[in-house]
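Input: a single structure, listed below in structure tokens.
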Amino acid sequence: MLEMRIPSHQLRDLLKLYFIMGSQNTDKDPRFVLEEAIQGGITLFQFREKGEGAKTGGEKEELARSLMQLCRNHGIPFIVNDDIDLAIAIDADGVHVGQDDEDVAAVRERIGDKILGVSAHTLKEVEEAIEDGADYLGIGPIFPTGTKPDAKKPQGDTLIRAVRKEKIDIPIVGIGGITAENASFVIQSGADGISLISAISQAASPKESSKQLLERIMVPLAQN
Ligand code: TZP
Ligand code: MG
């Protein structure tokens with residue numbers, strides 16, 4: 001396990017192709033989808049068991065443990081969305097919280113040096129999250145998304161560009177409606193990576209989709 005806060009350069013690399021999924025995001029077995037996505041080249045995984053049809057309690061924990069084991073088998077860090085108790089119970093590699101979840105500084109206290117990601121929608125939220133101990137930020141929705149019913153209005157690259165203009169260099173991933181067609185736009189705005197659900201979880205071949213996404217961001221990433 002990590003014994004110090006993850007260095008930014010290492011995290012930037014991990015954020016390149018950040019796949020997020022819960023069992024509610026796929027008609028297939030989520031273990032199969034994750035295994036394929038790993039083979040296709042994802043660099044980080046977030047377990048986000050949330051919304052209609054999501055598992056709870058023991059079933060949720062069991063799924064988390066089996067997906068974490070798949071990640072461990074391939075050296076992919078495993079992040080838990082929202083559920084800090086679960087992340088601590090299973091000794092996940094990190095957590096991701098939004099503005100409506102537990103207070104960021106309190107989460108940092110609870111998780112020690114585990115990776116801490118925070119969703120931010122304004123420059124003020126960005127600055128507060130950094131102050132409170134975020135390791136990386138998720139910014140979006142960049143494009144319209146059908147996956148998160150309560151998502152805010154799509155903001156394109158406005159906030160990512162504003163953050164970089166302020167010379168704030170915290171690792172950032174864009175989120176929301178990202179596909180192979182628009183992935184390079186997100187990287188060109190100054191993000192270190194793309195995070196996505198349906199472009200991989202709903203793909204006919206999660207493996208091919210992951211490969212294609214990675215190919216589309218390699219050139220723009222090299223130019224950042
Ligand atoms: N937060 C902002 S948009 C979103 C989340 C969790 C959903 C992203 O899903 P998709 O399918 O990649 O648009
Ligand atoms: Mg949340």
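Along the sequence shown, residues carry numbers from 1. Just follow the structure's listing: the first ligand is 1, and inside any ligand the first atom is 1.
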What's the shortest heavy-atom distance between [X] and [Y], and which atoms?
| X | Y | value |
| --- | --- | --- |
| A203 | K28 | O-NZ, 2.9 Å |
| S195 | I175 | OG-CB, 3.3 Å |
| K152 | P141 | O-CG, 3.1 Å |

*If Ile, Leu, Val, Met, Phe, Trp and Tyr residues are connected whenever their side-chain heavy atoms lie under 4.5 Å apart, and connections chain through other members, are V173 and M218 in the same group?*
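No, no single cluster joins them.
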Decide whether L67 and I84 are clustered together by the hydrophobic rule: side chain heavy atoms of Ile, Leu, Val, Met, Phe, Trp, Tyr closer than 4.5 Å, transitively.
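Same cluster: L67 reaches I84 through Ile, Leu, Val, Met, Phe, Trp or Tyr contacts under 4.5 Å.
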Any donor-acceptor pair under 3.5 Å linking the side-chain atoms of E35 with those of H74?
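A donor-acceptor contact under 3.5 Å links the two side chains.
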Distance alone, cut at 3.5 Å: any donor-acceptor contact between the side chains of E49 and S23?
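Side-chain D/A pair, E49 to S23: present.
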Report task. Classify the ring geometry between Y18 and Y136 as parallel (under 30°), tilted (30 to 60°) or perpendicular (over 60°). Result ->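 It falls in the perpendicular class, over 60°.
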query: Is the closest basic N to carboxylate O distance between R5 and D135 below 4.0 Å?
result: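 So R5 pairs with D135 through a salt bridge.
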Note every protein N or O atom lying under 3.5 Å from an N or O atom of ligand 1, pairing the names and giving the distance.
| unit_1 | atom_1 | unit_2 | atom_2 | d |
| --- | --- | --- | --- | --- |
| ligand 1 | 11 (O) | T147 | OG1 | 2.5 |
| ligand 1 | 11 (O) | S198 | N | 2.9 |
| ligand 1 | 11 (O) | S198 | OG | 2.5 |
| ligand 1 | 12 (O) | I197 | N | 2.9 |
| ligand 1 | 13 (O) | T145 | OG1 | 2.6 |
| ligand 1 | 13 (O) | G177 | N | 2.8 |

Counting only protein atoms, how many N/O/S atoms are less than 2.8 Å away from the Mg ion (ligand 2)?
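For the Mg ion (ligand 2), protein nitrogen, oxygen or sulfur atoms under 2.8 Å: 2.
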